[in-house]
Amino acid sequence: MKRIWQISLHRWCKLKRQTAFSKQFVEHFSEVLKILEGALKSNSSMALNYASLLADKLESEGGQRQARMLRERLTRTPLATASAQDSSNGVSLGNLPTDQESRLHTVDVSRPQAQDIQLVLPSAIQTRLDEFVQSVEHHDVLAHAGAALPSRMLIYGPPGTGKTLTARWIAAQLHLPLLTVRCDTLVSSLLGQTSRNLRRVFEYATQTPCVLFLDEFDALAGARGNERDVGELQRVVIALLQNIDALPDNTILVAATNHEQLLDPAIGRRFAFQLPVPLPNENQLTALWQHWLGEFAPDDLDWTDLARCSQGATGALVELTCIDAKRAAILAGQRVVEPPALYRRLGLTLALSRGIRLSTQEQEVCWLRNWQPERFSLRVLAALYGASTRKITTILNDLGEESGNRQRKQHA
Ligand SMILES: Nc1ncnc2c1ncn2[C@@H]1O[C@H](COP(=O)(O)OP(=O)(O)OP(=O)(O)O)[C@@H](O)[C@H]1O
Ligand SMILES: [Mg+2]
């Protein structure tokens, strides 16, 4: 009886190992195909890159033994030794695509790390983003079940809301290098060269494990037929559409734009995942302030009030204000940013972002007083500007009424 039990257990374990193996095989089918493609095309760096990626994935899923075997096999190839010197997380990026005219690279490579990125987004948007990362990670299993969407995401929203940061976050989560297309070198003055450059970039991205990122996407994908349209732009849009269509579903493409309304209508449907990034609400503003002020935040800071006063600000504006305030505090030998100084910086940055030029201290005083009369009392303003309350009263009397009217008009 004991013997029969042992045999059954042995068979069950074997079956379980086989099932685990076939599951792993399905999950990593695209890496296997890419390795095969690299071998058939005699593109050893492609085969090597995807084999390294496969080893990383197997290791992260508990397949240490297979990962070790794979890496040992890879280290025996001469190319691996050479490329290991210029690769950090297993992916070597030699021979980047270049523009033939200028000889400059048409992509920039970066390797974002998750611990360096603090992304603050509304929960619904964050959920969509997580779904995208999960679909990319499990693309092969989903494809096997006929439920995969192409790994392409379009990010859109106002300037400074974190679109580029989101692309960096995606690359960091996937442990892949980020290849940002350089529109300045990609768009060539030579007729037809732009389309050729595009093709090279897309081909390169299919042969390298990476996230291909088209930032300021409207520069390339602007609608055909608008008044500044010329023949070359039409050709670029057509080339872009063709390149996207030819892209394997599992090549990760992320595009970002401030002007989604300018995109050619044919572009939108090529992106199965779309991420609208809005201005931060009060909760997200609080999180952004807390992140950027860090240990420079004073104990008595009213976060809710700060978030309310900064409504309409972008993440970029919060970052800029905090750096500015921290810089001033450090230079003044202080260990925290005092609330009046912080609100002053916020007020001035908000004025700047609304196109209001405050070129004298008198104008600043009036702007701050009209913006937040209770916070910026005569005493606070006097302390901030190193003047007497009498002087501040004079400034406000001279300039206050006039600038208050202007400010009210701008708010209206
Ligand atoms: N949602 C956010 N979460 C965290 N940080 C943010 C966010 N939005 C902006 N920031 C901060 O502002 C900086 C600029 O953001 P980013 O460059 O990603 O904006 P963008 O939307 O790409 O702007 P643009 O449209 O001008 O290119 C970031 O480095 C980050 O520090
Ligand atoms: Mg950007």
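Start at 1 and go down the list; that is how both ligands and their atoms are numbered. This structure is a prediction, so every number in the text was calculated from the model and none was measured.
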> Under 4.0 Å between a Lys/Arg side-chain N and an Asp/Glu carboxylate O for Arg68 and Glu59?
Replying inline: no
For [atom], the protein heavy atom that lies nearest, with its residue and separation:
| atom | value |
| --- | --- |
| atom 28 (C) of ligand 1 | Glu319 OE1, 3.5 Å |
| atom 24 (P) of ligand 1 | Gly160 N, 3.7 Å |
| atom 17 (O) of ligand 1 | Thr164 CB, 3.8 Å |

Under 3.5 Å, which donor-acceptor pairs do the side chains of residues 244-252 form with other protein atoms, sequence neighbours left out?
| residue | atom | partner | partner atom | Å |
| --- | --- | --- | --- | --- |
| Asp245 | OD1 | Arg270 | NE | 3.0 |
| Asp245 | OD2 | Arg270 | NH2 | 2.8 |
| Asn250 | ND2 | Ser30 | OG | 3.4 |

> Can you tell me how far CD of Gln118 sits from CD of Glu319, rounded to the nearest 0.5 angstrom?
Replying inline: 12.0 Å
Would you check the N or O atoms of [X], main chain and side chain alike, for any that come under 3.5 Å of an N or O of ligand 1?
| X | value |
| --- | --- |
| Thr161 | yes |
| Leu121 | no |
| Pro159 | no |
| Leu119 | no |

>> Taking only non-hydrogen atoms of Leu288, do any sit less than 4.0 angstrom from ligand 1?
In response: yes
>> So is Glu216 touching ligand 1 or not, going by heavy atoms under 4.0 Å?
In response: yes
> Lys57: what forms a side-chain hydrogen bond (donor to acceptor under 3.5 Å, both in side chains) with it, not counting sequence neighbours?
Replying inline: Glu31
>> Return all protein N, O or S atoms below 2.8 Å from the Mg ion (ligand 2), chain by chain in residue order.
In response: Thr164 OG1
>> Applying a heavy-atom cut-off of 4.0 Å, say which part of Asn258 lies close to ligand 1: side chain, backbone, both or neither.
In response: side chain
> With backbone taken as N, CA, C and O and side chain as the heavy atoms from C-beta onward, which portion of Tyr156 lies under 4.0 Å from ligand 1: side chain, backbone, both, or neither?
Replying inline: neither
Identify every side-chain donor-acceptor pair in residues 305-317 under 3.5 Å, counting partners at least two apart or on other chains, and give the distances.
| residue | atom | partner | partner atom | Å |
| --- | --- | --- | --- | --- |
| Asp305 | OD2 | Tyr343 | OH | 2.6 |
| Asp305 | OD2 | Arg375 | NH2 | 2.7 |
| Ser310 | OG | Trp289 | NE1 | 3.0 |
| Ser310 | OG | Leu306 | O | 2.7 |
| Ser310 | OG | Ala307 | O | 3.2 |
| Gln311 | NE2 | Glu282 | OE2 | 2.8 |
| Thr314 | OG1 | Ala316 | N | 3.4 |
| Thr314 | OG1 | Leu317 | N | 3.1 |

>> Which of the numbered atoms in ligand 1 are under 4.0 angstrom from any heavy atom belonging to Leu165?
In response: 4 (C), 5 (N), 6 (C), 18 (O), 30 (C)
> If you take all heavy atoms of Leu119 and Gly162, which pair is closest and at what distance?
Replying inline: CD1-O, 4.3 Å
> What's the shortest heavy-atom distance between Thr164 and Asp215, and which atoms?
Replying inline: OG1-OD2, 3.0 Å
>> As a test of understanding, state which of Leu263, Leu154, Leu149, Val254 forms a side chain to side chain contact (heavy atoms under 4.5 Å, CB included) with Phe271.
In response: Leu154
